[in-house]
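Data block below; observations after.
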There are 2 protein chains.
Amino acid sequence: MASIKDVAKRANVSTATVSRVLRNTGNVTEETRQRVLEAIEALNYQPNVLGRYLRRMETETVLVVVPDITNPFFSKVLRGIEAVALKHGYQVLLGDTQNDARLEEQYLNVLPQRQVDGMIFLTARIRKELMEEMARQFPIVLACEYLEGTDIPTVSIDNISSARKATEHLIRLGHRRIAHLSGPMDVILSRDRLRGYYQALAQHEIEVDAALVQEGDFTYESGYHLTLKLLALEKPPTAIFAANDEMAIGAVKAIRHRGGRVPDDVAVVGFDDIHMASIFEPSLTTIAQPMFEIGQKAMELLLRLIEGIDVERRQLVLPDRLVIRDSCGGGRSV
Amino acid sequence: MASIKDVAKRANVSTATVSRVLRNTGNVTEETRQRVLEAIEALNYQPNVLGRYLRRMETETVLVVVPDITNPFFSKVLRGIEAVALKHGYQVLLGDTQNDARLEEQYLNVLPQRQVDGMIFLTARIRKELMEEMARQFPIVLACEYLEGTDIPTVSIDNISSARKATEHLIRLGHRRIAHLSGPMDVILSRDRLRGYYQALAQHEIEVDAALVQEGDFTYESGYHLTLKLLALEKPPTAIFAANDEMAIGAVKAIRHRGGRVPDDVAVVGFDDIHMASIFEPSLTTIAQPMFEIGQKAMELLLRLIEGIDVERRQLVLPDRLVIRDSCGGGRSV
DNA sequence: GATGGTGATGTAATCGATTACATAATCGAG
DNA sequence: CTCGATTATGTAATCGATTACATCACCATC
């Protein structure tokens, strides 16, 4: 494998000159430039990036930590990140924690080890102090999630208000017994959506029934099983607000398997607006998050942190939108 | 940021000894070992992996090139790769080409640049000669796809026979006008599935009608629109075999929008058995690929190539399975 | 007591590129 | 014609770890 020295020898110049040609820095006459390029061509030379990384102490690589890459929501956000990364010549390393919080903390180590220039977390179950300490020293951005009481740069939507919006929509349609399929309570996003749900109930003076709130884990399966549980209640809900679309689809299926109809017997609202939400029948009423844009903004923010540009607005809240479809009845069908 | 020198100084040893402690190689007395560990602890030292990489000329990282990470099929394969990689201390770099063949060739360059120790391609639209030349010099494994007439290590199913199986199932149910929604013709996998479809027709002496074969791109949207086209034919098909589940779902939706019922008016068979295939209504009859296992095997194969172990069976064909559900009628419902 | 083996540690080369600094050549202004 | 600026190129240090090789101490064996 040819190295820069071989190229230098063949072109009859120093390695410094070869490097200058490679990186297009400094002054090189067109003539030597050509000689170097010819040598590169002849030797089929490819610069070894490890040498460069070590010397420059940067890898132009960012790590994205995802809780679950098979979840379409995250892969869409990832796409946004990739788009911006590619445009700026950065590579994206993927860390899939498969919902394991310990793995999450492990990934944090790649920063001091200098393996990447920065990180984006699409999950935030790491101990707050640890995360804060790292964020002080290295470029880190949280997307979708955030950590309470920190000023770690964040891109997300306002989960509380959107959950409130979703719940209010059901109330407006006349529902009073509204259940909530929450996400895991150790992620803030789930707690926020639950809070929004509570706020909506309170605002309309609807009493909270603890039995109507069930903690899931964002999977179809959990949505399905928890809904069976809800339907077995003495006074089952007439509407279900699920913390994501996959659980909402699970809910619909469970209702059907029990002989119920959606939305006639039970109305269902989801969250995220994944592709399947509009395809599934009945199409899901849901909160649309700008997934791609969240990814873009997060990466843009990260780039500014890496480049040491002072970031004025560190906490970005993007707009979301209630998309009314067929799964909750009442509204017009889109 | 502390380096190995700082640790050495503090522990009153040479950097060589620190390295020995870090890597657990060579002989070190328990006493100095402790001193070194204390120094590491005190300085909060993390080894800079770039130095290590350069010296050892390996990164314990593999690159996985995916045509579309938002496609659940690929993310499932990726999971299998990750599982094995993690167990062997390898990191996984993700390259999402977003179906751009040029990007695919670009990714190939990270190998001679020594950025990764090996690559797995879940797509193979690269020029054959180029790919072969690289595969001769570096560890490369193809998964799902393969390149005709090469002996590049590959893990996949037998797409021809499984497509034949799927088509035959429809024939057995009495269908004679069977359409095929193919994938893009520049990927071999699509051509193989088309071939299997043709074989089944030939075997049962059913004439091929060119109008019944439509080239899609594996997306829901293409499945939807091509099916509308099929339904507008003078003699529309009574069954549709789609080259993947997402197009199959698109087909079902199109049939419904035209007032048809599935499977009563038109039977539909998919391919891959993604999660949604069993959830969607009607549940999809489809070819189940062992996605996770494909990933695992591919990574295992790659590891052996990286470690220079002679690989006897370079081309691995895994078993697939026809899963009969509701979308094609006739069979029992699962 | 000489010899050789083993274990613990240190010295310094090395991986491949980048870049601060040095040097040489060229040019233009006064 | 000289001086300083500018341009082109080279020399060598550097990034941080790993490791071949050297050294030294200690012990066992004959």
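To find a chain, count down the sequence lines: A is the first, B the second, and so on, and within it residues start at 1.
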Quiz item: Are B:Gln34 and B:Glu38 close enough that a side-chain donor and a side-chain acceptor fall under 3.5 Å?
Solution: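 Not at all, the side chains of B:Gln34 and B:Glu38 share no donor-acceptor pair under 3.5 Å.
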
Exercise. Could you tell me from which nucleotide to which nucleotide of DNA chain D, 5' to 3', there is an atom under 4.0 Å from chain A heavy atoms?
Key: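 Endpoints of the contacted stretch of DNA chain D: D:dT7 to D:dG16.
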
Quiz item: In residues 11-25 of chain A, which ones come under 4.0 Å of DNA chain D, going by heavy atoms?
Solution: A:Asn12, A:Val13, A:Ser14, A:Thr15, A:Ala16, A:Thr17, A:Arg20

Quiz item: Which residues in residues 29-54 of chain A have at least one heavy atom lying under 4.0 Å from any atom of DNA chain D?
Solution: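 Going residue by residue through residues 29-54 of chain A, the ones with a heavy atom under 4.0 Å of DNA chain D turn out to be A:Thr29, A:Thr32, A:Leu54.
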
Quiz item: Would you call A:Val92 and A:Leu78 a side-chain contact if the rule is heavy atoms closer than 4.5 Å?
Solution: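 Yes. Closest side-chain heavy atoms under 4.5 Å.
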
According to side-chain hydrogen bond (donor to acceptor under 3.5 Å, both in side chains), who are the partners of [X], at least two apart in sequence or on a separate chain?
| X | value |
| --- | --- |
| B:Ser19 | none |
| B:Glu41 | none |
| A:Arg56 | none |
| B:Tyr45 | none |

Quiz item: In whole angstroms, how far is the C1' atom of C:dG5 from the CG atom of B:Asn27?
Solution: 13 Å

Practice problem: Have a look at the helix from C:dG1-D:dC30 to C:dG30-D:dC1 and give the angle its two end axes make, five pairs each, rounded to 10 degrees. | Solution: 50°

Quiz item: Under the side chain to side chain contact (heavy atoms under 4.5 Å, CB included) criterion, do A:Val21 and A:Leu37 qualify, and how do the steps go?
Solution: CA-CA 8 Å; A:Val21 171; A:Leu37 289 178; 4.0 Å; yes

Exercise. Could I get the full list of side-chain contact (heavy atoms from CB on, under 4.5 Å) partners for A:Asn27, not counting sequence neighbours?
Key: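 With sequence neighbours excluded, A:Asn27 shows a side-chain contact (heavy atoms from CB on, under 4.5 Å) to no residue whatsoever.
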
Quiz item: Of all residues at least two apart in sequence or in a different chain, which pass the side-chain contact (heavy atoms from CB on, under 4.5 Å) check with B:Arg55?
Solution: none

Practice problem: Only pairs at least two apart or in different chains count here, so list each salt bridge (charged side-chain N to carboxylate O under 4.0 Å, His left out) that has a residue in residues 100-125 of chain B. | Solution: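 Output for this query lists B:Asp100-B:Arg102, B:Glu105-B:Arg127, B:Arg125-B:Asp186.
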
Quiz item: Does A:Glu133 pair with A:Arg136 as a salt bridge, N-O distance under 4.0 Å?
Solution: no

Quiz item: For A:Asp96, which residues count as a salt bridge (charged side-chain N to carboxylate O under 4.0 Å, His left out) partner, sequence neighbours excluded?
Solution: B:Arg79

